[in-house]
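Report on one structure; see the data block that follows.
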Amino acid sequence: MINAQEILFKSVQKALKELYSIDSTNIVFQKTRKEFEGDFTLVTFPFIKEAKKSPEQVGQELGDYLVKNEKTVIAFNVVKGFLNIVLSDAFWLSYFNSVKDSSFIGFKKPESSGRTVMLEYASPNTNKPLHLGHVRNLLVGFSVAEILKANGHKVIKASIVNDRGIHICKSMLAWKKWGNNETPVSTGMKGDHLVGKYYVKYDQEYKKEIDYAQKTALQAWIKIWAKKPAKEGEISNQMIMLFAVMIFKLIQSFDQGKPKQLTEVEIDKLASGNVQDLEEEREEEFMDDAAHMFYNGLKKELEGKKLFYKIGTDGKKEFDEIFEFIKAKLPLVMEVQDMLRKWEAGDKETVNLWKMMNGWVYEGFDVTYKTVGVDFDQTYYESNTYILGKEIVQDGLAKGIFYKKENGSVAIDLRPEGLDEKVVLRSDGTSVYITQDIGTAIERFKQFPDLKQLIYTVGNEQDFHFKVLFKILEKLGYDWAKECYHLSYGMVELPEGKMKSREGTVVDADDLLGEMFTTAEETTKELGKVEGFNEDELKDLYHTIGSGALKYFILKVDPKKKMLFDPKESIDFNGNTGPFIQYTHARIKSVLRKSESSFEASLNSISFNALEREIIKHIYDFESVVEESGNTYSPALIANYVYELTKTFNKFYHDHSILKEENEDVKVFRLQMAKACSQTIANAMGLLGIKVPEKM
RNA sequence: GGCCUCGUAGUUCAAUGGAUAGAACGAAAGUUUCCUAAACUUUAAAUACAGGUUCGAUUCCUGUCGAGGCUACCA
């Protein structure tokens with residue numbers, strides 16, 4: 001394509017050499033600001049030292065040289081150290097003629113760069129429906145993938161589904177205990193929402209256990225404390241454990257609907273520090289399987305920890321510390337951990353339950369993905385990949401990249417790199433999260449031998465995780481490691497702060513989308529713009545406008561930055577919004593439909609008015625904006641760009657008539673320009689995953 | 001405590017070290033015999049603070065104050 005900056009670069013380089021004997025490759029042009037005449041601006045300050053002249057003088061002399069020697073430059077002006085260069089209408093027209101009929105203005109040819117990248121996004125957990133945070137992930141991920149495609153790369157869109165682990169078991173357990181065999185069909189609920197309901201249920205029930213445990217335990221503790229346990233003014237681990245086990249028993253009685261309290265006798269025994277009796281009693285009296293597991297679990301936790309407390313204070317701090325242990329070992333926790341063990345052991349009933357409930361979730365997710373308009377070329381499941389990475393760690397251990405700690409765990413020391421020490425294998429030989437990330441990354445490069453880069457669309461709370469991951473891969477000797485990129489996006493915050501699923505402050509994705517469609521419908525009806533549409537077309541239109549508003553709202557913000565979303569203030573449809581841009585597109589299309597004459601033939605010469613010139617230059621900029629947004633992984637650049645273009649066109653549309661223009665050449669040009677504009681708008685919006693309507 | 005982000009109009013967002021810091025919403029005022037008024041025009045309104053580097057700093061450096069995140073043998 002015709003490149004103005006390249007032409008100017010060469011001429012200025014020559015001019016500097018001839019006029020001042022300066023050899024410079026550091027010549028950068030910026031767009032001339034609207035308030036000055038000109039197309040491109042050269043800042044002359046960098047050259048004044050070597051030229052030994054004032055900025056104004058350098059500007060004047062360079063300008064003279066360009067006008068004389070470069071035919072595309074027809075005029076210039078100098079303001080302080082700024083040389084504003086004016087290119088000829090002929091230049092802009094020839095550029096315009098080269099793109100006016102293209103349907104991929106600004107785009108490189110598909111897969112022309114020869115580069116293959118995998119972009120991972122979405123990455124949901126299968127225990128709850130998607131929320132606003134996921135929506136930003138989906139939109140940013142999808143859009144960046146499209147932008148990279150527009151830059152000529154081959155992009156594999158991938159999702160890794162977090163379908164296993166303790167949090168998945170929570171919803172399974174809760175459904176099993178309290179679900180009454182509910183299904184999406186029996187309840188009419190979307191599958192992911194049904195499963196999410198039981199994830200919340202688990203948490204509520206667990207909270208009840210905690211509350212009761214705390215109340216009961218504190219009462220007993222106060223009594224024990226008041227009796228000042230003997231033993232040199234100290235309370236032993238053993239005693240704490242017995243205490244904890246008794247609390248555990250109480251919670252069981254609570255869960256069975258028959259809450260009990262510790263008896264005075266029991267408290268006396270605990271307080272006296274004479275725990276012999278209780279220990280003997282524990283077998284028959286209160287050590288069933290669950291309690292036994294609890295006892296052993298707690299024993300392991302406390303091993304090696306010094307938990308002797310001096311008497312003297314009110315004992316509250318001590319209680320809190322002990323209670324932290326108890327909290328992590330309550331009956332529901334034990335049960336859910338047991339379920340995970342069964343899942344890992346392949347227990348049939350558990351696996352079947354897991355398959356069934358995950359199936360519900362996938363059906364739900366598919367609906368949401370379809371509504372949002374995102375898709376994947378590859379789907380990975382953690383249940384298949386969580387084992388990966390262990391051998392790699394063993395290899396790395398042999399090579400001395402990792403080391404074994406005294407407790408048997410394997411770790412890497414990244415402190416010299418300014419990071420931290422990181423465990424990559426537990427002392428029992430099981431993997432941690434990063435282990436499988438190491439494994440899956442390597443696996444993907446094996447699966448796709450052409451792969452050059454992995455991009456992870458994950459929130460910025462994981463910045464540290466990815467720094468560590470990439471550094472480890474680099475140390476393991478994979479040269480693609482430095483090509484890996486964490487597409488880190490900021491959190492979406494509500495006016496009252498961060499979203500917390502446990503506190504019910506999340507904005508549900510399906511609800512949000514539904515509201516957007518409704519608002520689009522209401523607004524369209526209010527404006528009386530429903531004529532000429534049938535039912536299906538209208539539904540389509542509301543979907544286009546509603547999701548366009550939401551997508552644009554989210555994508556216009558730099559992904560790296562956190563953003564605020566206020567659900568109470570619904571998203572605007574006026575001003576710097578998706579619908580504004582969609583509206584402009586529809587308006588152009590309406591004009592084009594109404595044009596009776598054809599306007600295909602290229603013009604040989606024309607003189608532009610200021611707005612026409614501005615619009616052509618805007619279209620010209622699109623290609624470099626697409627490049628820049630690809631280089632910086634930023635859909636926001638595209639959003640801001642298309643808004644500016646649209647605004648400029650609207651101004652033109654307001655000030656000048658297209659169809660009623662009397663000069664035939666001008667009319668033809670304006671139609672061509674309008675068409676190119678609508679194409680550019682459609683292309684830009686397409687990169688954001690936003691459709692543009694023919695009419696609205 | 002350590003590490004990493006971020007502080008721009010009332011609010012939500014812009015500004016490869018460059019000219020007089022741009023928009024939108026909200027506020028105030030205006031535009032419709034004219035291709036779609038989801039539009040257009042006008043007004044008021046901001047770089048947290050203090051230093052430094054530079055011809056030039058919202059941008060780079062240092063410090064203070066303020067907000068958020070990370071800091072697990074969790075995922």
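Chain naming here is simple, since letters A, B, ... match the order of the sequence lines and numbering starts at 1 in each.
In this structure, the side chain of A:Asn137 does not engage the main chain of A:Val458 through any donor-acceptor pair within 3.5 Å. Looking only at distances, no side-chain donor or acceptor of A:His134 sits under 3.5 Å from a matching main-chain atom of A:Ala122. Checked by atom type and distance alone, the side chain of A:Thr435 never pairs as donor or acceptor with a backbone atom of A:Gly389 at under 3.5 Å. The closest donor-acceptor contact from the side chain of A:Asn151 to the backbone of A:Val626 lies under 3.5 Å. Panel note: side chain A:Thr44, backbone A:Pro55; a donor-acceptor pair is recorded below 3.5 Å.
The residue A:Glu628 sits apart from the nucleic acid: no heavy atom pair falls under 4.0 Å. Counting any heavy atom pair closer than 4.0 Å across all strands shown, A:Ala586 reaches a base atom. Residue contacts shown for A:Asp463 are absent, as no nucleic acid heavy atom lies under 4.0 Å away. Note on A:Thr584: nothing from the nucleic acid sits closer than 4.0 angstrom, heavy atoms only. When heavy atoms are screened at a 4.0 angstrom cut-off, A:His585 is found touching no nucleic acid atom at all. Within the 4.0 angstrom heavy-atom criterion, only backbone atoms of the sugar-phosphate kind lie near A:Val432; the bases stay farther away. Within 4.0 Å of A:Asn84, counting heavy atoms only, lies at least one base atom of the nucleic acid.
A donor-acceptor contact under 3.5 angstrom links the side-chain atoms of A:Thr41 to the base of B:A19. Between the side chain of A:Lys695 and the base of B:U36 there is no donor-acceptor pair of N/O atoms closer than 3.5 Å. For a distance-only test at 3.5 Å, the side chain of A:Asp437 fails to qualify as a donor-acceptor partner of the base of B:A75.
Between B:A75 and A:Tyr433, no contact under 4.0 Å exists linking OP1 or OP2 to a side-chain N or O.
B:G63 and B:A15 are spaced 26 Å apart, taking the P atom of each and rounding to whole Å. Nucleotides B:C3 and B:U62, compared at atom P, are 12 Å apart to the nearest Å. Comparing B:A21 with B:A45, their P atoms sit 12 Å apart, to the nearest whole Å. Nucleotides B:U47 and B:U64, compared at atom P, are 23 Å apart to the nearest Å. When the P atom is used for both B:U32 and B:U41, the distance is 15 Å, rounded to whole Å. For the C1' atoms, the distance linking B:C60 with B:C25 amounts to 33 Å, nearest Å. Between the P atoms of B:U11 and B:G26, the separation comes to 16 Å (whole Å).
In this structure the side chain of A:Leu512 reaches within 4.5 angstrom of the side chain of A:Phe565, judged on heavy atoms. Proximity of A:Phe580 to A:Asn650: side-chain heavy atoms (C-beta onward) are separated by under 4.5 Å at one or more points.
A:Lys695 forms a cation-pi arrangement with A:Phe533, by the criterion of a distance under 6.0 Å to the ring centre and an angle within 45° of the ring axis. In this structure, A:Lys170 fails the cation-pi test against A:Tyr199, since its NZ or CZ atom is not both closer than 6.0 Å to the six-membered ring centre and inside 45 degrees of the ring normal.
Distance from the side chain of A:Val28 is smallest to B:U16 among B:U36, B:U16, B:A19. Here the nucleotide nearest the side chain of A:Val591, chosen from B:C35, B:C70, B:C4, is B:C35. For A:Lys651, whose side chain is taken as the heavy atoms from C-beta onward, the closest listed nucleotide among B:C40, B:U20, B:A38 is B:C40. In this structure, of B:C25, B:U71, B:A19, it is B:C25 that holds the atom nearest to the side chain of A:Asp572. Relative to the side chain of A:Arg33, the nucleotides B:A24, B:G22, B:C35 differ in distance, and B:G22 lies closest. Out of B:U20, B:U36, B:A38, the shortest distance to the side chain of A:Thr523 is found at B:A38. Among the nucleotides B:A19, B:A38, B:A23, the one closest to the side chain of A:Lys529 is B:A38. The side chain of A:Ser590 approaches B:U36 more closely than any other nucleotide in the set B:U36, B:A39, B:A75. Taking the side chain of A:Leu527 as heavy atoms from C-beta on, and the options B:G18, B:A38, B:C70, the nearest nucleotide is B:A38.
Here B:G69 presents its P atom at 16 Å from NE2 of A:His486, a figure rounded to the nearest Å. Between the P atom of B:C6 and the CD atom of A:Glu493 lies a distance of 14 Å, rounded to the nearest Å. Counting to the nearest Å, the C1' atom of B:A75 and the CD1 atom of A:Ile434 are 12 Å from each other. Rounded to whole Å, the distance from OH on A:Tyr653 to C1' on B:U41 is 17 Å. One atom, CZ of A:Phe652, and another, P of B:C35, lie 15 Å apart when rounded to the nearest Å. Across the protein-nucleic acid pair, A:Glu614 atom CD and B:G22 atom C1' stand 14 Å apart, rounded to whole Å. Put simply, CZ on A:Arg587 is 8 Å from P on B:A39, counting in whole angstrom units.
With respect to the salt-bridge test (charged N to carboxylate O, under 4.0 angstrom), the residues A:Arg670 and A:Glu612 qualify. Using a 4.0 Å cut-off between charged nitrogen and carboxylate oxygen, A:Lys651 and A:Glu614 do not count as a salt-bridge pair.
Stacking between A:Phe82 and the base of B:A19 is present: ring centres sit under 5.5 Å apart and the planes differ by under 30 degrees. Taking the 5.5 Å centre cut-off and the 30° plane limit, the aromatic side chain of A:Phe580 is not classed as stacked on B:A39. Judged by centroid separation below 5.5 Å and plane tilt below 30°, A:Phe45 stacks onto the base of B:G18.
The nearest heavy atom of RNA chain B to A:Phe464 and to A:Thr524 marks one nucleotide each, and the one closer to the 5' end goes with A:Thr524. Toward the 5' end of RNA chain B, the nearer of the two residues A:Phe29 and A:Ile166, judged by each one's closest nucleotide, is A:Phe29.
Taking OG of A:Ser383 as the start and CG of A:Asp163 as the end, the distance is 3.5 Å to the nearest 0.5 Å.
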Taking only nitrogen or oxygen atoms into account, show me every contact under 3.5 Å that the protein makes with nucleotides 7-13 of chain B, one pair per line with its distance.
{"residue": "B:C13", "atom": "OP1", "partner": "A:Leu564", "partner atom": "N", "Å": "2.8"}

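Stem analysis of RNA chain B (at least three stacked-register Watson-Crick or G-U pairs, each with both distances under 3.5 Å) gives B:1-7 with B:65-71, B:10-13 with B:22-25, B:27-31 with B:39-43, B:48-52 with B:60-64.
Checking A:Ser171 against A:Asn127 by side-chain atom types alone, no donor-acceptor pair falls below 3.5 Å.
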